[in-house]
Amino acid sequence: MGDYTHEDQYMKIRRPWFRPDPELDRGEMEEMQREIAEEADWSGGLEVEEFSVVAGVDQAFHGDKAVSAAVVLRDGEVVERVDAVTEVEVPYVPGLLAYREGAAAAAALQRLELTPDAVLFDGSGRIHYRQAGLATHVGVLFDAHAVGVAKNLLCGYPVDEVDGLQEGERVRVEADGDVEAPAETTLGYAFQGKQDSSGRINPLYVSPGHRLDAETAVSLVESTVSAYKLPEPVRLADEHADDVKEEVVRDS
DNA sequence: GCGACAG
DNA sequence: ATCTTGTCGC
């Protein structure tokens with residue numbers, strides 16, 4: 001038979017029909033996002049302790065090239081680091097980020113030999129106009145546990161003041177009229193990780209992407225925060241993407 | 001027309 | 001995201 005176990009478990013696209021297609025027009029992209037949101041699972045089920053192998057993905061750009069990097073950590077230790085250079089085909093449009101960066105992120109994830117228990121993305125998950133941000137889109141594409149970690153709030157609103165949050169504190173983010181979801185639906189949380197070296201006060205906006213609930217998503221992010229504001233997997237992926245981008249800049 | 005907008 | 005020096009603060 002051979003090693004079918006590996007073939008069975010590595011990061012693989014399970015729903016190819018949701019591959020971010022740059023040829024679609026805006027209306028078609030938005031419609032696909034609604035379909036993705038219907039497939040998404042935000043019902044929890046696993047405890048934070050069950051996610052021991054966590055990956056972070058992030059992109060860097062140079063001209064029409066996108067550099068995506070994925071870094072996998074196991075109990076705080078880096079166990080794998082990969083990257084992929086692809087062509088950027090779509091401009092940045094708020095609400096359609098997955099069509100610009102999703103394919104690049106997927107390319108990097110497909111190069112992983114390890115199978116992470118969860119993937120952290122640099123962007124929103126459920127905190128999105130159609131509840132299908134980058135983390136939701138790619139999470140559903142791979143049917144993987146996915147979390148969105150954004151530095152800014154795309155939509156929805158924090159139910160309490162977020163200025164002056166202390167480290168570790170979180171404030172629920174609810175849907176408002178800009179979101180295609182019942183009012184008061186919990187989309188995610190504003191979470192205060194470590195402050196910047198300059199004592200900044202802006203929190204991270206964490207939202208579930210796929211296969212976990214908002215509470216588990218924040219707890220998972222909290223468990224991977226080290227000495228910086230960003231959770232370690234994302235911070236290291238960002239760092240690696242920048243390194244690879246420099247190489248791309250060299251031979252150009 | 002005005003305002004808002006992940007990376 | 002990206003382009004960038006000096007500089008405020010612990």
Side-chain angles (χ1 to χ4, degrees), chain A residues 20 22 26 29-30 33 36-37 40 56-70 83 85-108 119-139 146-158 162 167 173 175-181 187-191 193-210 214 217-218 221 227-231 234-235 237-246 248-249 252:
Chain A
R26 183 170 184 145
M29 290 179 175
E30 296 180 346
Q33 293 183 322
I36 288 169
V57 195
D58 189 31
Q59 289 68 237
F61 301 84
H62 177 247
D64 57 355
K65 301 290 186 188
V67 176
S68 185
D83 49 77
V85 179
T86 55
E87 296 288 321
V88 191
E89 322 201 50
V90 178
Y92 167 66
V93 175
L96 299 178
L97 181 66
Y99 287 89
R100 174 177 170 76
E101 307 193 355
V119 182
L120 272 40
F121 294 80
D122 61 309
S124 287
R126 196 179 183 182
I127 295 180
H128 180 276
Y129 307 120
R130 290 163 292 283
Q131 303 187 86
L134 178 66
T136 307
H137 195 136
V138 182
V147 178
V149 181
K151 301 180 221 50
N152 294 288
L153 188 60
L154 173 62
C155 57
Y157 68 94
V162 297
E167 285 185 9
V173 172
D176 58 14
D178 292 340
V179 183
E180 294 181 10
L187 300 177
Y189 284 88
F191 171 71
K194 290 286 188 296
Q195 305 281 194
D196 284 54
S197 53
S198 56
R200 308 238 90 257
I201 51 177
N202 54 314
L204 290 176
Y205 293 91
V206 180
S207 56
H210 184 44
V218 207
V221 167
Y228 301 84
K229 175 177 176 172
L230 285 175
V234 176
R235 186 182 72 79
D238 177 285
E239 194 174 72
H240 189 231
D242 278 336
D243 289 346
V244 176
K245 190 193 80 172
E246 285 314 308
V248 172
V249 173
S252 65

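Just so we're on the same page: letters track the sequence lines, and every chain starts at 1.
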So does [Y] get a backbone contact from the side chain of [X], meaning a donor-acceptor N/O pair under 3.5 Å?
X	Y	answer
A/Glu180	A/Gln131	no
A/Gln33	A/Ala98	no
A/Arg100	A/Val90	yes

Please state how far atom [atom1] in [X] lies from atom [atom2] in [N], giving the value in whole angstrom units.
X	N	atom1	atom2	value
A/Leu96	B/dA4	CG	C1'	15 Å
A/Phe191	B/dA6	CZ	P	21 Å
A/Asp178	B/dC5	CG	P	9 Å
A/Asp64	C/dA1	CG	P	19 Å
A/Tyr99	B/dA6	OH	C1'	15 Å
A/Gln59	B/dA6	CD	C1'	12 Å
A/Tyr157	B/dC5	OH	C1'	19 Å
A/Leu230	B/dA6	CG	P	16 Å

Could you tell me whether [X] contacts a base, only the sugar-phosphate backbone, or nothing, with contacts defined as non-hydrogen atoms closer than 4.0 Å?
X	result
A/Leu134	base
A/His62	nothing
A/Tyr129	base
A/Gly95	base

Per [X] side chain, nearest of listed nucleotides [options]:
X	options	answer
A/Asp122	C/dT2, B/dG7, B/dA6	B/dG7
A/Leu154	B/dC5, C/dA1, B/dG7	B/dC5
A/Asp242	B/dG7, B/dA6, C/dT2	C/dT2

Quiz item: OH of A/Tyr228: more than 12 outside heavy atoms within 6.0 angstrom?
Solution: no
Indicate whether OP1 or OP2 belonging to [N] is found under 4.0 Å from a side-chain N or O atom of [X].
X	N	result
A/Lys151	B/dG7	yes
A/Asn152	B/dG7	yes
A/Tyr92	B/dA6	yes
A/Lys245	C/dA1	no

Quiz item: For the residue pair A/Ala237 and A/Gly56, what are the closest heavy atoms and their distance?
Solution: CB-O, 3.4 Å
